[in-house]
Amino acid sequence: MTVADTIVAVATPPGVGGIGVVRLSGPEALVIARRLTGRDRLRPRHAHYGRLIDPTSGEAIDDGLILYFPAPHSYTGEDVVELQGHGSPVLLEALVAASVDLGARRARPGEFTEQAFLNGRLDLAQAEAVADLIHAQTAEAARLARSSLDGALAAELEPVSRAIRDMRVVIEAEIDFGETDLESEAAPDIARRAEALHTTIVALLERLRPARYFAQGLRLALVGAPNVGKSSLMNRLAESEVAIVTDRPGTTRDVLRSPIAIHGIPVELIDTAGLHASDDPVERIGMERAREAATGADLIVELRDLTRPEAVPDLEAAPEIPRLTVWNKQDCVAKDSLPGRGIAISARTGAGIEALKQAIVERLGAGEGGQQRFSVRARHLDGLRSAAHHLAAIDAQAPPDVIAEELRLAEAALDALLGRQDHEALLGEIFAGFCIGK
């Protein structure tokens, strides 16, 4: 986007609705709005009711409300006008087309929020929180995204970034004005402070890592031998008959998926074919897909059968994928025969299901997710790890210029996390995932 661009897009979801909103942003937004409404004056932040006109034909397109938000006190930091009419896709497209005829261009996905970031109305983490808030699938995910939009992540990181900057001032001043390049009087103190900051970031990483599940969700794969009750458990967790359940082993031959929520975390629940030795080519294809699904899961729930404890799934998953052992059919055995490890449930009666849900979030470290203050993306965690790595590399015996470089890289990692550096490719990737009109 250039300084001269004025962008336009429908800001409400596609389809028919009671109300539809067309948004204009840019230096010509007010001029275009005057032409579309026939009004010479639009009072800022005041809802005007009037006719929306096609300036070419002079015919009315619709009736509705016109709101004007002058720069810099608008969402994008530029002049913004919102035209609120009836939610007909035909009428909304006519308003967009008329705006384009008057000099606007159609906005790219996320361009309004991108402009808000470029104009300093939002930092990058806040801009990402807009998308997280729009796409939140649970109330908890929405709460965390809302907190991020309020700048909680920047508030958490700013003291760390400022402390790194202060240390850089000291060591670089010593480099510029010190009497020797071989010894540093400030290095021991900087190394101690860097170690303390490293500890702070590591603790923050441990606290935040589970929070990414609330924004991005998790993939949970149900695996087990045939006829242990995987499909019954899927139906119980989904609270719907999404999988066929029979007494015949091998009923599930393909991967089934269902979206659910567990303690506020969006979950893609994956039911897989029973894993066992088989010469049936169709079963073998299903089992191969089951293994692929398990490999891409965030958590594997290995379902076992209390009536057949010897039935073990033929699965070799990567050791870094957490695994939770769950024993099904507890209603079919005596209480004194329950295993000492794992969780005992009955997918048929629902016994133990709440304990299973709690065990799932705790196994992922998300049991305290409600205490998180903001939503987290993988990119944020990568930035924190990078900053922690460079702080850990600071050695009091190292030359001052080496210490200064590690501090610079640590600060740069935090700056990139919040979008304080110019990373055009990164910005394009982030905002491409937004809705058009936001």
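Everything numeric in this text was worked out from a predicted model, so none of it was measured.
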**Request:** Please round to the nearest 0.5 Å and tell me the distance separating atom CD of Glu411 and atom CZ of Arg168.
**Result:**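 One gets 5.0 Å once the value is rounded to the nearest 0.5 Å.
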**Prompt:** If you measure from OG on Ser99 to CZ on Arg105, what distance do you get to the nearest 0.5 Å?
**Reply:**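 If I round to the nearest 0.5 Å, the distance is 13.5 Å.
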**Asked** Are the side chain of Arg308 and the backbone of Asn227 linked by a donor-acceptor contact shorter than 3.5 Å?
**Response**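 Yes, the answer is positive, given that a donor and an acceptor are paired below the 3.5 Å cut-off.
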**Request:** Please answer whether the main-chain N or O of Lys329 pairs with a side-chain N or O of Asp305 as donor and acceptor at a distance below 3.5 Å.
**Result:**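 Not at all, since once roles are kept as given, no pair shorter than 3.5 Å links the two residues.
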Check: [Y] and [X] side chains under 4.5 Å, non-hydrogen atoms:
| X | Y | value |
| --- | --- | --- |
| Glu302 | Leu324 | no |
| Leu222 | Met234 | yes |
| Arg45 | Pro70 | yes |
| Glu406 | Arg408 | no |
| Val228 | Leu303 | yes |
| Thr6 | Pro27 | yes |
| Arg379 | Leu124 | yes |
| Tyr75 | Ser25 | no |

**Request:** Kindly give the heavy-atom pair with the smallest separation between Ala9 and Ala107, and that separation in Å.
**Result:**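 Looks like CB-CB, 4.0 Å.
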**Asked** Within 45 degrees of the axis of the six-membered ring of Phe112 and under 6.0 Å from its centre: does Arg23 put its NZ or CZ there?
**Response**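 Relative to the ring axis of Phe112, which defines the angle, Arg23 lies inside both limits.
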**Asked** Is any NZ, NE, NH1 or NH2 atom of the basic residue among Arg162 and Asp166 found under 4.0 Å from an Asp or Glu carboxylate oxygen of the other?
**Response**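 So Arg162 does not pair with Asp166 through a salt bridge.
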**Request:** Using a strict 4.0 Å threshold on nitrogen-to-oxygen distance, state whether Glu354 and Arg236 make a salt bridge.
**Result:**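 So Glu354 does not pair with Arg236 through a salt bridge.
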**Request:** Please indicate whether Glu239 has more than 12 foreign heavy atoms, meaning atoms of other residues, nucleotides or ligands, lying under 6.0 Å from its CD.
**Result:**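 Count not over threshold, so no.
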**Message:** Looking at Glu195, I'd like to know if its CD atom is crowded, meaning that more than 12 non-hydrogen atoms belonging to other residues, nucleotides or ligands lie closer than 6.0 Å.
**Reply:**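 Atom CD in Glu195 is not packed in, count stays at 12 or less.
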**Request:** With side-chain contact (heavy atoms from CB on, under 4.5 Å) as the test, would you mind laying out the steps for Leu356 and Leu233 before giving the verdict?
**Result:** CA-CA 11 Å; Leu356 170 59; Leu233 178 57; 4.0 Å; yes
**Prompt:** Quick one: which of Ile164, Ile394, Leu407, Val202 gives a side-chain contact (heavy atoms from CB on, under 4.5 Å) with Leu197?
**Reply:**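 Option passing the side-chain contact (heavy atoms from CB on, under 4.5 Å) with Leu197: Ile164.
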**Side-chain donor-acceptor contact under 3.5 Å, Arg165 with Ser161** =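 Yes, Ser161 and Arg165 have a side-chain donor paired with an acceptor closer than 3.5 Å.
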